[in-house]
Amino acid sequence: MKSPYRLTERELAVFQDSDFMPLKAKVWAKIEVLLSQLQEQLEEKIPEFSDQLPKEFIYSSGKLSRGENYKTYSYRVMDYPRVFQGDDIFTFRCVVLWGHPIGFHLILRGKYKEEFQDRSVENALNLEEEIWLSKQDDPWVWEFEADRQENIHKLSPEAIKHLLQKQNFVKLSLYLPLETYAKIPEKGTEIFKKLIGQHF
């Protein structure tokens with residue numbers, strides 16, 4: 001009987017590959033630069049509209065998070081603007097999850113859901129890009145889940161209204177193929193501006 005602890009041929013090849021971990025570190029270093037560039041571009045935009053945005057947006061700081069074990073996957077996350085005040089949450093989050101599509105997510109809860117949901121949903125409906133509306137149990141799920149997210153363009157107004165009333169958060173997401181990683185700063189800034197709308 002084969003031991004369950006015996007490595008498969010592919011597992012052994014990965015285990016023996018001494019180049020993989022240094023290459024992984026180099027990949028993440030370059031992705032982190034792109035995420036920092038996205039934050040910088042967003043930071044340049046926000047103050048231009050200080051009279052139209054809540055003050056806490058102007059003074060919010062961005063955050064780059066690093067991790068190695070989201071359902072076994074390594075990841076990098078950039079939040080900006082980023083306001084977490086108890087139940088009141090507004091964040092624009094870019095998630096790069098190893099081996100998965102790049103995700104841009106606008107997450108609203110509490111007073112920010114009330115203030116921005118109608119505008120952001122309407123703007124999403126006017127975009128050519130595929131924007132996904134979450135029906136997940138919570139907004140902190142990062143891989144694409146076709147059965148727990150709806151393409152907003154395929155929903156009726158009644159279905160959208162029902163979903164928004166049912167959940168205590170709004171999460172609008174755009175996914176890009178991993179090979180388009182170089183577009184992170186440009187595409188992230190563009191989609192944020194389009195979702196928030198009228199201020200920009």
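Just so it is clear, the structure is predicted and the values come from calculations on it, not from any experiment.
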Is there a side-chain contact between V27 and W98 (heavy atoms, below 4.5 Å)? yes

Tell me whether I184 is reachable from V33 by hopping between hydrophobic residues (I, L, V, M, F, W, Y) whose side-chain heavy atoms are closer than 4.5 Å. no

State, with a plain yes or no, whether a side-chain heavy atom of F169 is found less than 4.5 Å away from one of L108. no

Which is it for S74 and E68 under the side chain to side chain donor-acceptor pair (under 3.5 Å) test, yes or no, and what are the steps along the way? CA-CA 4 Å; S74 180; E68 294 298 322; 3.2 Å; yes

Atom pair NE2 (H105) and NZ (K171), whose distance is rounded to the nearest 0.5 Å: 5.0 Å

Are there more than 12 heavy atoms of other residues, nucleotides or ligands under 6.0 Å from atom CG of N126? yes

Working for side-chain contact (heavy atoms from CB on, under 4.5 Å), residues N168 and R109: CA-CA 6 Å; N168 67 353; R109 195 162 73 183; 4.2 Å; yes

State, to 0.1 Å, how close L174 and E130 come at their nearest heavy-atom pair, and which atoms those are. CD1-O, 3.4 Å

Quick one: are the ring centres of Y73 and W142 less than 6.0 Å apart? no

Nearest heavy-atom neighbours spanning V96 and W28: O-CH2, 3.4 Å

Quick one: CD1 on I107 to CZ on F84, what's the gap to the nearest 0.5 Å? 7.0 Å

Restricting to non-hydrogen atoms, name the atom on S173 and the atom on Q149 that form the minimum distance, rounded to 0.1 Å. OG-NE2, 3.8 Å

Among all residues two or more places apart in sequence or in another chain, which pass the salt bridge (charged side-chain N to carboxylate O under 4.0 Å, His left out) test with K161? none

Would you say that more than 12 heavy atoms from the other residues, nucleotides or ligands in this model lie under 6.0 Å from the NZ of K183, or not? no

Evaluate whether atom NZ of K63 has more than 12 neighbouring non-hydrogen atoms of other residues, nucleotides or ligands under 6.0 angstrom away. no

When every non-hydrogen atom of L163 is compared with those of S134, the smallest separation belongs to CD2-O, 3.8 Å

Would you give the length of the straight line joining atom CD1 of I160 to atom NZ of K154, rounded to the nearest 0.5 angstrom? 13.5 Å

Value for CD1 (I191) from CZ (F92), rounded to nearest 0.5 Å, stands at 7.0 Å

Is the closest side-chain heavy-atom distance between V170 and K113 below 4.5 Å? yes

Is it the case that more than 12 heavy atoms not belonging to Y181 sit under 6.0 Å from its OH atom? no

Report the residues that fulfil salt bridge (charged side-chain N to carboxylate O under 4.0 Å, His left out) with K111, sequence neighbours left out, ordered by chain and then residue number. E56

Are any of the side-chain heavy atoms of W140 and R93 separated by less than 4.5 Å? yes

Y75 vs E143, side-chain contact (heavy atoms from CB on, under 4.5 Å): CA-CA, chis, key distance, verdict: CA-CA 11 Å; Y75 64 87; E143 68 273 30; over 6 Å; no

Are any non-hydrogen side-chain atoms of L38 and F104 less than 4.5 angstrom apart? yes

Mind checking whether L42 and M78 have side chains closer than 4.5 Å, heavy atoms only? yes

Side chain to side chain, L106 and Y112, heavy atoms closer than 4.5 Å: no

Closest non-hydrogen atom pair between I102 and L178, with its separation: CG1-CD1, 3.9 Å

Applying salt bridge (charged side-chain N to carboxylate O under 4.0 Å, His left out) to K187 and not counting sequence neighbours gives E129, E190

How many angstroms lie between atom NZ of K30 and atom CD of E32, to the nearest 0.5 angstrom? 13.0 Å

Starting from the C-alpha separation in whole Å, work towards a yes-or-no answer on side-chain contact (heavy atoms from CB on, under 4.5 Å) for L125 and I131. CA-CA 8 Å; L125 288 167; I131 303 295; over 6 Å; no

Of the non-hydrogen atoms in T91 and Y80, which two are nearest, and what is the gap between them? OG1-N, 4.4 Å

Taking the side chain as everything from C-beta on, heavy atoms only, tell me whether I152 gets closer than 4.5 Å to L127. no

